[in-house]
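Accompanying notes for the structure given below.
Counting convention: from 1, in listed order, for ligands and their atoms alike.
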Amino acid sequence: MRAAERVEEARRCIERAHRVAVLTGAGISAASGIPTFRGPGGLWEGVRPEELATPEAYARDPQRVWSWYAWRYRLAYQARPNRAHELLVQLERDKGDGFLLVTQNVDGLHARAGSQRLVELHGSLHRARCEACQHRFPLPPPETFMPPPRCPRCGSRARPDVVWFGELVPGRAYQRAAEAFRTAEVALVVGTSAVVEPAASLGRLARLGGAYLVEVNPEQTPLTPLAHLSLRCGAEEGLEPLIGPRAPGTA
Ligand code: APR
């Protein structure tokens, strides 16, 4: 089958499906100016995740860890959702309750674009969580934010509300994500290297459940061999022909 026919086949599968699950990673926000983690120019180039994104790193040097998260918060705050985020909002409108978007991203751009059936599996740069009472609260705008923040309820120091390496993702959020992927008719996996668990397994779960699996990523990933269609391109370019509006006069 020619490439255009395979894209058309995937598009029809998506159109027909009542249950669609989507997993996104850092690559979907690349066009919004947010750096990815792995690969050239990524956040993990020249720095090991254990130095910044673990409970041990935070215990060792909370100020350094907070400075890094405050910088990323500023970037995310200033960024705008791109066409790929917007196309997923449109897909959610079409599918309603049969849709779930699961993101590993902490930049908040899916929510800002308008996605509502959304699981932010790794938390959010825009919030902090009290180290004592676990209360979650939004950070002030970056211009006035001086880390570390203090809990508005009990006054204790608060940490970034993100999931670090070595920590568990929130159980209920993962259950919801796993259920959506297990029962999906179509699963889209966009802009993730698919190497960090448990998110990496969601695509496999979907495949085991019989879903049609589509990947959009300029690079190969461990999920590529399982995908019915793997588009080697950026998220905006890949999603447009799959879920964007049809050109007038085409069926
Ligand atoms: N469109 C789509 N994909 C892209 C684009 C783009 N414009 N640019 C890069 N990519 C792809 C890369 O090829 C890569 O496979 O996005 C992927 C980004 O991979 P990672 O940097 O590993 O990001 P992610 O998969 O989200 O990482 C998972 O790892 O460090 C942790 O907690 C962090 O949530 C993160 C998790």
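- When all heavy atoms of H110 and L101 are compared, the pair lying nearest together is ND1-CD2, 3.5 Å.
- For atom 25 (O) of ligand 1, the nearest non-hydrogen atom of the protein is T192 OG1, 2.6 Å.
- With a 4.0 Å cut-off on non-hydrogen atoms, T36 touches ligand 1 through its backbone as well as its side chain.
- Not a single donor-acceptor pair under 3.5 Å links the side chain of N105 to the backbone N or O of D107.
- In this structure, CD on E236 lies 7.0 Å from OG on S32, to the nearest 0.5 angstrom.
- Scanning both residues, Q104 and G25, for their nearest heavy atoms gives NE2-CA, 3.9 Å.
- Within the 4.0 Å heavy-atom criterion, both parts of R38, backbone and side chain, lie near ligand 1.
- Among the atoms of A235, some N or O lies under 3.5 angstrom from an N or O of ligand 1.
- In this structure, R157 forms no cation-pi arrangement with W66, as its terminal cationic atom is not both closer than 6.0 Å to the ring centre and no more than 45° off the ring axis.
- Protein heavy atom closest to atom 32 (O) of ligand 1, with residue, atom name and distance, is H122 ND1, 3.5 Å.
- For atom 35 (C) of ligand 1, the nearest non-hydrogen atom of the protein is F37 CE1, 3.5 Å.
- Aromatic rings from W68 and W44 are positioned such that their centres are separated by under 6.0 Å.
- For ligand 1, the polar-atom distance check against W44 finds a nitrogen or oxygen pair separated by under 3.5 Å.
- Counting heavy atoms from C-beta outward, L213 and L188 have side chains that stay 4.5 Å or more apart.
- Near F165, meaning under 4.0 Å from one of its heavy atoms, ligand 1 places the atoms 30 (O), 31 (C).
- Near G25, meaning under 4.0 Å from one of its heavy atoms, ligand 1 places the atoms 26 (O).
- Among protein heavy atoms, the minimum distance from atom 28 (C) of ligand 1 is reached at Q104 OE1, 3.3 Å.
- Residue A26 places at least one N or O, backbone or side chain, under 3.5 Å from an N or O of ligand 1.
- Ring pair Y69/Y73: centre-to-centre distance not below 6.0 Å.
- Checking G191, G42, A53, P218 against atom 18 (C) of ligand 1, the nearest heavy atom belongs to G191.
- Regarding atom 36 (C) of ligand 1, its nearest protein heavy-atom neighbour is V196 CG2, 3.8 Å.
- Residue-to-ligand polar distances keep C233 apart from ligand 1: every N/O pair is separated by 3.5 Å or more.
- Counting all heavy atoms, side chain and backbone alike, F99 lies closest to L88 at CZ-O, 3.8 Å.
- For atom 5 (C) of ligand 1, the nearest non-hydrogen atom of the protein is G27 O, 3.5 Å.
- The closest protein non-hydrogen atom to atom 14 (C) of ligand 1 is N217 ND2, 3.9 Å.
- Remark: the T103 side chain and the H122 side chain contain no N/O donor-acceptor pair separated by less than 3.5 Å.
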